[in-house]
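One structure below.
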Amino acid sequence: MCILLLFILFFLLLYCCFQTFIINDDLPYSFFLRGENRVSDIRGIIINQIFDYSNINPRIFIHSVVQALLIFDKNLWSFINPMVIITTIVLMSYLVMKVIDKKDNRLLIICMSAISYFLLYNYKHLIYWVAGSVNYVFVFVIMLLFIIYYYKNGFNKKPWLSTLICLCVSILHESLGIFVVMTVIGDFIYNLIVSKEKDKSFYLKYVRYLIVAVLGLCFLMFAPSTFGRFESEGVWATYSLFQKMAISIPVISNNLFGLFNFYNLFPTLLVASIIFVFAKTKDKFLWPFAVISILLGLGALTFDWLWLTFILGIIIFLAQAYIFLKNKDYRLLVIFVAIYAVVYALMVTTEYEVGRPNYYFCLIISILTMINVLRHINFEGRGVKVFNAIVAVTLLVVAAFEVNIYTYIGEIKKEREMAILEAKESGSKIIELKEIKEPYAKFHIDPNSPNNSSYWAYKSFLDYYGLDKDVETKIVK
C-alpha cells in the first residue's frame, strides 16, 4: 500500500509540474551569460557559474543543476521534481519512524508527511518553479539526509566522514551552511554538558567539524557576488544592525508563527501538538502554554502588532525544547535550534520579507508535530480509527485542491502559449496574455508577468519565446 500510494502521489505531482511555465530566474538562467543564446552543454554551464560566482550568485553547485535542467526547458525538471518531492516525503516519514520507533504505522506516517507537503500553500511558488525548487525543494532533501545522518550517528561515530559531510553540505547553500555550523556547535555543547566529554581528541574533532563548515559557508558569504548584492541593497545597507533587526524580526516572526493563517497552518498545528502532549502527560504547563499561545496569536491577528508573534515564537521554542529535554531528545533539540538560526539569519538581509528558507522551517516543524502526536496516540484504542479516517480524508482533500490549482494554471498556460504562437505567425507587436486570477495567482511565481516591458526579465522572456525586441505584452482579464 505504501508503494502504491507513493506512485499515485508521484503521478499527481508529475501532472501538476507540467502545468506550470517558465518565468522569473528561469528565463535568464536559460541563456549563456544572460545573452541571446541558450545554454546547451556542460561547458556553457561551467563558464556561466564562474561568471555568476563573481557577479550574480555564489551558489554555483546548486545553480549548475538549475541550468542543466533548463537545457531541456521544463520537461526534464517536470519528471525529476516529483521524484525529489516523493523522496522528501519518504525521508520525512523515515525520520519520524526512527524517532518514535513505530514502523507498523508507516502508511499513516507517509500520509501525514504527504499532507504536510500539500499544505505548503505559502511556498507553492517555490515548489513549481525550476530555480526555486532546486534551491529549496532539492536542497531540503540534502538537509534531511544530513539530519538523518546526524540523528542516527552523531558526528563522532565516524569523525572523518562527518568532516567531509560538513564541508560538502555547507558549501552548497547559505541556509545549509548556517544549519551545519549551528548543528556542530549545538552537538558540541550537548556532548560537553550531557555526555561530559573532556578528552583532547573530543575538542579537536569539533574544531575540525566547525572549521570545514565555516569554510563552506565562507565560500558563499565572501564571494564577490555576495558583496555585490549587499552593496546593491540601497537604503537597507545604510541601516545599523539594530535598525535592521527592529524592522525584520517582527516580519520574520509573523511569517513563521502567525496563528490561524490558512496559508500557513504549520505553527497552529505545532502549538496544537504541544498542547496535546501536555494534556496526555498531565503536564503543569498545559494551561499556561495554551492560554498564552492563543492570546498572543489572537493579539497579533487583532492588533497587527507583529512583535507578539516574536514572543509567541520564543514561547513555542521553550515549550518544544522542554518536551525534548523531558524525552532526552537532545539531538532533536540541536536540530530545532539550528533551524531557528537559519530562518532568523534573514534579519540582516532584504530577503527577510520573502523568507524563502521558511520552507525548510515549515517542514521541520511538521516533522516535530507528527512526532509529538504519534508518540502519544494509543494505536489500540477506538479513537485511532477516527484519527486514521481524518488523515485519509484530509489527504484526499488537499490532493484534490492541488490538482484543481494546477489544472486552472495549466489551462491559462496553454492559452498564453497559443497567443504567443499566433502573434509570431501574424507578426503582431502586441500579445495579450490571459490573467491568472486570485487565489490561484498565489501558487505560481510571477503569475502575471511579464505584463509590460518593465518586467526585470523581459528581454530574456522575448528571447526565450523567439519574439521580436519591439513586441509588447499585456495581461488581460
#### Entry: Heavy-atom side-chain proximity of N255 to N122 below 4.5 angstrom
no

### W287 atom CH2, over 12 foreign heavy atoms within 6.0 Å
no

### Task
May I ask you to check whether over 12 heavy atoms, not counting those of E415, lie within 6.0 Å of atom CD?
yes

### Query
Where is the tightest heavy-atom contact between F146 and C166, given as atom of each residue plus distance?
CE1-SG, 4.5 Å

### Query
Taking the side chain as C-beta and beyond, is there a heavy-atom pair between I475 and R416 under 4.5 Å?
yes

### Task
Please determine which of V90, I364, I147 meets the side chain to side chain contact (heavy atoms under 4.5 Å, CB included) test together with L95.
I147

### Message
Please report whether the ring centroid of Y121 lies less than 6.0 Å from that of F262.
### Response
yes

### Task
Check the pair M92, T88 against side chain to side chain contact (heavy atoms under 4.5 Å, CB included), reporting the backbone distance first and the verdict last.
CA-CA 6 Å; M92 289 171 64; T88 303; 3.9 Å; yes

### Query
About how many Å separate NZ of K434 and CD1 of I412, when rounded to the nearest 0.5 Å?
4.5 Å

### Message
Looking at K326, I want to see if its NZ is surrounded by more than 12 non-hydrogen atoms of other residues, nucleotides or ligands under 6.0 Å.
### Response
yes

## Note on the structure
residues 69-95 vs ring pair (Phe, Tyr, Trp, His ring centres under 6.0 Å), sequence neighbours excluded, gives F18-F79

### Task
May I ask you to decide if the ring planes of Y340 and F317 are parallel, tilted or perpendicular, using 30° and 60° as cut-offs?
perpendicular

### Query
Does the side chain to side chain contact (heavy atoms under 4.5 Å, CB included) test come out yes or no for F289 and V271, once each step is laid out?
CA-CA 9 Å; F289 174 77; V271 167; 3.9 Å; yes

#### Entry: K244, NZ atom: more than 12 neighbouring heavy atoms under 6.0 Å
yes

### Task
Report the C-alpha distance between F219 and S170 in whole Å, list the side-chain angles of each, state the deciding distance to 0.1 Å, and finish with yes or no for side chain to side chain contact (heavy atoms under 4.5 Å, CB included).
CA-CA 9 Å; F219 175 80; S170 63; over 6 Å; no

### Minimum heavy-atom distance P357-V343, with the two atoms named
O-CG1, 3.9 Å

### Task
State the CG-OG1 distance between L374 and T369, to the nearest 0.5 angstrom.
10.5 Å

### Message
Under 6.0 Å from the ring centre and within 45 degrees of the ring axis: does the NZ or CZ of K98 meet both conditions for the six-membered ring of Y151?
### Response
no

### Message
Does the plane of the ring in F31 sit parallel, tilted or perpendicular to the ring in Y464? Use 30° and 60° as the thresholds.
### Response
perpendicular

### Query
Could you state the interatomic distance from OG (S253) to CE (M347), rounded to the nearest 0.5 Å?
10.5 Å

### Validation row: L6, I110 side chains within 4.5 angstrom (heavy atoms)
yes

### Message
Within the supplied structure, the quantity of interest is the number of heavy atoms (other residues, nucleotides, ligands) at a distance under 6.0 Å from K442 NZ; does it exceed 12?
### Response
yes

### Backbone of N24 reached by a side-chain donor or acceptor of S449 within 3.5 Å
no

### Query
How are the rings of Y359 and Y117 set relative to one another: parallel (under 30°), tilted (30 to 60°) or perpendicular (over 60°)?
perpendicular

### Task
Please say whether the positively charged group of R59, taken as NZ for Lys or CZ for Arg, lies over the ring of Y53, i.e. under 6.0 angstrom from the six-membered ring centre and within 45 degrees of the axis.
no

### Task
Sort out for me which residue in D26, T20, N135 forms a side chain to side chain contact (heavy atoms under 4.5 Å, CB included) with W129.
D26

### Query
Considering all heavy atoms of both residues, which atom of Y123 and which atom of N358 are nearest to each other, and what is their separation?
OH-CB, 3.0 Å

### Query
Could you give all pairs that pass the side chain to side chain donor-acceptor pair (under 3.5 Å) test and reach residues 300-325, with sequence neighbours left out?
D283-Y322, Q320-N372

### Query
side chain to side chain contact (heavy atoms under 4.5 Å, CB included) with F324: which of I371, V337, I335, D329?
D329

#### Entry: With Y128, the ring-ring contact (aromatic ring centres under 6.0 Å, His included) member among Y15, Y406, F443
Y406

### Query
Closest approach of K459 and G35, non-hydrogen atoms and distance?
NZ-O, 3.8 Å

### Query
Do any N or O atoms from the side chain of S93 and from the backbone of I89 form a donor-acceptor pair under 3.5 angstrom?
yes

### Task
Mark yes or no for whether K74, through its side chain, and C17, through its backbone, hold a donor-acceptor pair below 3.5 Å.
yes

### Query
For the atom pair CD (E411) and OH (Y440), what is the distance rounded to the nearest 0.5 Å?
9.5 Å

### Message
Which heavy atom of P450 sits nearest to which heavy atom of T473, and what is that distance?
### Response
O-OG1, 2.8 Å

### Query
Does S116 reach the main-chain N or O of M112 with its side chain, forming a donor-acceptor pair under 3.5 Å?
yes

### Message
So does L346 get a backbone contact from the side chain of E351, meaning a donor-acceptor N/O pair under 3.5 Å?
### Response
no

### Query
Quick one: are the ring centres of Y455 and F461 less than 6.0 Å apart?
no

### Task
Could you check whether the rings of Y344 and F257 sit parallel, tilted or perpendicular, using 30° and 60° as the cut-offs?
parallel

### Message
A side-chain contact here means heavy atoms from C-beta on lying under 4.5 Å apart; do F138 and I80 qualify?
### Response
yes

### Query
Is there a donor-acceptor pair under 3.5 Å between the side chain of H125 and the backbone N or O of P447?
no

### Query
Does some side-chain heavy atom of I323 sit less than 4.5 Å from a side-chain heavy atom of F278?
yes

### Query
Do D25 and V66 have side chains that get closer than 4.5 Å, going by heavy atoms?
no

### Query
Checking salt bridge (charged side-chain N to carboxylate O under 4.0 Å, His left out) for the pair D463/R34: CA distance, chi angles, key distance, verdict?
CA-CA 10 Å; D463 291 338; R34 274 68 176 171; over 6 Å; no

### Query
Short question: side chain of N451, backbone of K474 - any donor-acceptor pair under 3.5 Å?
no

### Task
Evaluate the criterion ring pair (Phe, Tyr, Trp, His ring centres under 6.0 Å) for residue pair Y136 and F140; output intermediate values, then yes/no.
CA-CA 6 Å; Y136 298 95; F140 186 67; over 10 Å; no

### Task
Let me know which of Y209, Y150, Y330 forms a side chain to side chain donor-acceptor pair (under 3.5 Å) with D187.
Y150

### Query
Do Y29 and S460 have side-chain N/O donor and acceptor atoms under 3.5 Å apart?
no

### Task
Side-chain contact test, heavy atoms from C-beta onward, threshold under 4.5 Å: evaluate it for T268 versus N261 and give yes or no.
no

### Query
With the threshold set at 4.0 Å, does a side-chain nitrogen-carboxylate oxygen contact exist between D73 and R38?
yes

## Note on the structure
Rounded to the nearest 0.5 angstrom, the CG-CD1 distance for L312 and I294 is 10.5 Å

### Task
Report yes if some heavy atom in the side chain of N81 is under 4.5 Å from a heavy atom in the side chain of L13; otherwise report no.
no

### S133 OG to I127 CD1 distance, which is reported to the nearest 0.5 Å
9.0 Å

### Task
Please lay out, stage by stage, how K124 and E402 fare under the test salt bridge (charged side-chain N to carboxylate O under 4.0 Å, His left out).
CA-CA 10 Å; K124 297 291 184 189; E402 197 85 356; 2.6 Å; yes

